[in-house]
Amino acid sequence: MILVNSNTKVIVQGITGSEGSRHAQYMLQYGTKVVGGVTPGKGGQSIVGVPVFDSVEEAVAKTGANTSIVFVPARFAADAVFEAIDAGLGLVVVITEHIPIHDALKFVNYAKYRGTTIVGPNCPGVISPTVSKVGILPNSIYNKKGPIGIISRSGTLTYELSFLLSQAGFGQSTVVGVGGDPVTGIDTVETAMMFEKDDETKLIVAVGEIGGDAEERLAKAILEGKITKPVVGFIAGRTAPPGKRMGHAGAIVSMGMGTYAGKVEALRGAGVPVAKTPLEVAKLVKERF
Amino acid sequence: MILVNSNTKVIVQGITGSEGSRHAQYMLQYGTKVVGGVTPGKGGQSIVGVPVFDSVEEAVAKTGANTSIVFVPARFAADAVFEAIDAGLGLVVVITEHIPIHDALKFVNYAKYRGTTIVGPNCPGVISPTVSKVGILPNSIYNKKGPIGIISRSGTLTYELSFLLSQAGFGQSTVVGVGGDPVTGIDTVETAMMFEKDDETKLIVAVGEIGGDAEERLAKAILEGKITKPVVGFIAGRTAPPGKRMGHAGAIVSMGMGTYAGKVEALRGAGVPVAKTPLEVAKLVKERF
Amino acid sequence: MRLLEYKGKDLLYKYGVEKPRGMVISSPDQIGQGLKYPVFVKAQVPFAGRAKMGLVKRANNVDEARAVARDYLGKVIQDFPIRKVLLEEGSPIKKEYYISMTVDRTNERYLILASPEGGIDIEEVAKEHPEKIFRGGFHPFAGLRDYLVNELIKFMGIQGTQARDFAKVVYAMYQVMMDYDAELVEINPLALTEDGKFIAIDVKIMVDDNALFRHGDINVEEEGDLTREELEARAAGFHYVELPGDIGIIGNGAGLTMATMDLVKEYGGEPADFLDIGGGASRDIVKSALTLLLKDARIRAVLINIFGGITRGDEVAYGVTEAIREVGVSKPIFIRLKGTNEEEGRKILAPLNIKIYDTAEEAVQDLMKSIRGDGK
Amino acid sequence: MRLLEYKGKDLLYKYGVEKPRGMVISSPDQIGQGLKYPVFVKAQVPFAGRAKMGLVKRANNVDEARAVARDYLGKVIQDFPIRKVLLEEGSPIKKEYYISMTVDRTNERYLILASPEGGIDIEEVAKEHPEKIFRGGFHPFAGLRDYLVNELIKFMGIQGTQARDFAKVVYAMYQVMMDYDAELVEINPLALTEDGKFIAIDVKIMVDDNALFRHGDINVEEEGDLTREELEARAAGFHYVELPGDIGIIGNGAGLTMATMDLVKEYGGEPADFLDIGGGASRDIVKSALTLLLKDARIRAVLINIFGGITRGDEVAYGVTEAIREVGVSKPIFIRLKGTNEEEGRKILAPLNIKIYDTAEEAVQDLMKSIRGDGK
């Protein structure tokens, strides 16, 4: 498994908000070591049985947390992420959506500088089934450990794929929702590289969407021999109309990349079978075992 | 030896200026592999027998340079350093003095982020005697290879110490002028750590000045066992009047650190003998061989 | 959000980038003397290909300009009602450049794209002559640096005092990018006039929707590119795109919604919409979404595909119940419900006698059967 | 460069930090009505301990204020001629805080220092009660972040709407720090008034000398802290500090010059100055430097210690020659010359019949002998 394991000790930033407290509860129910929460000005309270602190630094000092999950509203979220990085946390999972892209650009680079791994923003988080969950993925469908590593750029589609794979008998080592925003922390390729080094993971399922170049870069990494484990792909948006253009610049940068056809061609060119439906993913995985 | 060696291939940023061209010439005379120079808008010329390029990127592409030395005037120097970092150079020696501190703060941190080693600003550079010089240290006094690594915060005092040590029969592995500015790239402790790992270096001479806390931190690193090779110290300013105060803040931060007495006490506490005169340094070194 | 041309020009002008002499009007009566004719009358719309759509015209005098403006101001193009028209004097153009600044998502930094061959065919230039496109990235921690601007100037073949003026344009674009949370600042063409000045002939600025809270001086309705439909969806709290088919689709999350559309197509159906209720939707949002589709006469059946994470099955179920209570069940509804509070949701939906599916495939298969059964 | 109090307050005020009502004058005649008496009359000098030196006085009316101002404006204190006087109304102070922002050189970032116990004894507080000092660093790539300001507010024990006002002060300090290349922004005390407002009672801002080229709005002579001597040295191009002894010292580089002073002391001499000609000094600078010392009646002998890197021996030799040609050799000169263009320098100096030494020790030994020989 990667990113989260039995040593993961989590603080919840924004724990006094409705999403923060609800998902703190769900994580605890799943068995995650949620050791505290942070909401400035609300230190001293206790929520869902864990202590609330005024600052991440204090929370880390008192609980030994090594991971944080951020539920703070978008306009304050960047500040919360910087706080988590400055407190030296190794992993920060940013659930919040609608964070300004310039903010994300800053904290993603700052995290790299300081050695913090960021997952998200705008992501469902990370789960190592039966061991630990740092995210909002529904507990009920994650009850099967196994050899599949899932990387997904889409939130709910992640659950869909995990569910269908578990139903087909394939548990997961870790499921990583890398987030759907234009700028995110670890991306599809970096996550695939982690799975490549993880002994438990025997096969990688990469769930993409139209737009961006994550799948194209994944194909390249496979062709370059950086990823040798079998990969099965799925890309949502085969029938979607083209989205808003980012000016001529967008067209010049992408040069046709980002389309469904382009992504499928790239992946197939790297020997990655691409399923047409989520259910077909399970079929393609089965063929490889 | 550390930092510069026979593989060092240097470009001179600001080579068309009077200092740039003069010291390019001196470095060539010393035997340094000066492979080119950079002055925007002056590409295509040739100065002291080496080609001039418009950009560092171009210079690196055409010459295979891995090191740069910056003679660019203060108000444009930060830009030159950023350019060198972005071009992926491993070592950038910044000779220029009077660079604004906020600029230095940015490029020193940026260099760390991108994996570039910065020496300076406001420094005499680095020399591995008889092998390579990237700096402005006078050629004539560096003709003796040997077991002494010199670290100096002061420019001309560096030459003085090197001269007296060579006269006393002690050649140097590498001499590093780390620069006298408040914010510099590698500092005394980081340089000492490099010498610690360098097989050629058997003894470290640390040349300091009053002000700052470099010597205090060096003492701490020795006490922590990070530096085990013998160290001999010299600190200029025993009789200097106190300088300008940086407000109450300066007093609160320093809390008495930075004085001659404090530095000597710290170094002696770590077992480092501190010479009273430059000549005494040679004597103390001799006692340790 | 894409700013209308005139607003983009105003922002850049504030930072020192010249624009043609002109005026913005929202009524033909506002056109008086003061401009030197002929002028270009440009409908302010937030999409490309305006010239080819006849939305830029030349007018030789006030009367002609008023006539064109009157024509434009009545129009709704691509669901966008034209509310502003820009009148501009012509400029004596010597050469046209292309330049833009944007976010390089892959490398997590900023990117300058530019070409000495600007104009409407810039994408062709990029395709046919990629060597004529300058690509220069810069890191947020370094900021835009002179050395990169110098490289750009050299590439563009600009010299002398014009180099300095061009550098000012580039730094102005950078400031707008930073100060206004822009995702794109594009000038095309940036014209060099006969008398040696740089003028922004057309400007496209996209401001990050998520950062609008920091920019109170941007008026979303007046200056933005939002269509009526988008403004309504924004108010309702979901993301909706109309499509040509007859099967209504509701999903939570863009990926799952798109995958649901793909699945419908795979089984031979035609989606009538893309409707994503987003993450953690309230019952009100679900209710509005379903109501919209139930009232849409084109739609023969509705497929709701929910896999709850932050979205809760009970909230979805309440929203569905309320919509049906209000509008009635005019067409078959197929619901797939999994994830957070799935059980609670099923219980709430039980009185409606709608079958709740465990997988999307089963739901789509039954939906297609029902459509074929009564349609074919 | 340290800005005078009034200038520092003006800068912070521009960013929203309140200051006492008052006025700056450079002549007693400028004092009219308009202020509410009593006022504090504060000489604008760039050093600490002003209150204890009697440079802050209370005036109960215009006449008293004029008298005090007249007294101050004539004075030269610590070589600094008082050119400006600040008159300020008193403030009803409830509590005094200390806060400063500076560069953390060791950790290469910025640093906030603050204490709920501000005032003139802040250094005592720091010594006796280090736990009452807040130290918070922030990285240039992260910038000042709310979370740190929140921690600071908590530490200071500030609550309610005052927390918001205090945060504004901190952000204003940050903006001044960034926008003006400040090395220090210090407010002490920052007063909380009886009616709940924060007011900067005294302000100290140090702007990086090396960055003054970016700040044309700072008038170095009017608003800065330069003494006459420093202004002269700045014009001459070397760094000079007068000391109480009788041996003149010239060196190149601060470290070597200090080490030369140390060496003179070690041999029983007393340096009359610290004079560093810097790196790469021209003959003109060397000439001015030596002329200054030759003309100084306190000085009995001059020691020149040059180890050239970027400084060239020939330039130094020309400067020495020219100074002696102009002023004459009124006292013994001992020159140590090594490094870049040493040989050329020796040749140029040969006609002067001054012995050129190879090491500083030899030069100092001979110098001391000469002094003792004719002095004792």
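Residue numbers start from 1 in every chain, and the chains themselves are labelled A, B, ... in the order their sequence lines are given, proteins ahead of strands. Note: hydrogens, waters and symmetry copies are ignored here, and every other heavy atom, side chains too, is used.
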* Structure fact -> CG of B:D86 to NE2 of C:H139, rounded to nearest 0.5 Å, is 8.5 Å
* Could you tell me the separation between the CD atom of B:E58 and the NZ atom of C:K154, rounded to the nearest 0.5 Å? => 4.5 Å
* For chain C, which residues from residues 99-120 of chain B lie under 4.5 Å away (heavy-atom distances)? -> B:Y110, B:Y113, B:R114
* Asked: Of all heavy-atom pairs between C:D146 and B:D79, which one has the smallest distance, and what is that distance?
  -> N-OD1, 2.8 Å
Other residues, nucleotides and ligands only: do more than 12 of their heavy atoms fall within 6.0 Å of [atom1] on [X]?
X	atom1	value
C:F47	CZ	yes
B:E57	CD	no
B:Q29	CD	yes
C:Y13	OH	no

* Asked: Do the side chain of C:N150 and the main chain of B:P40 share a donor and acceptor less than 3.5 angstrom apart?
  -> no
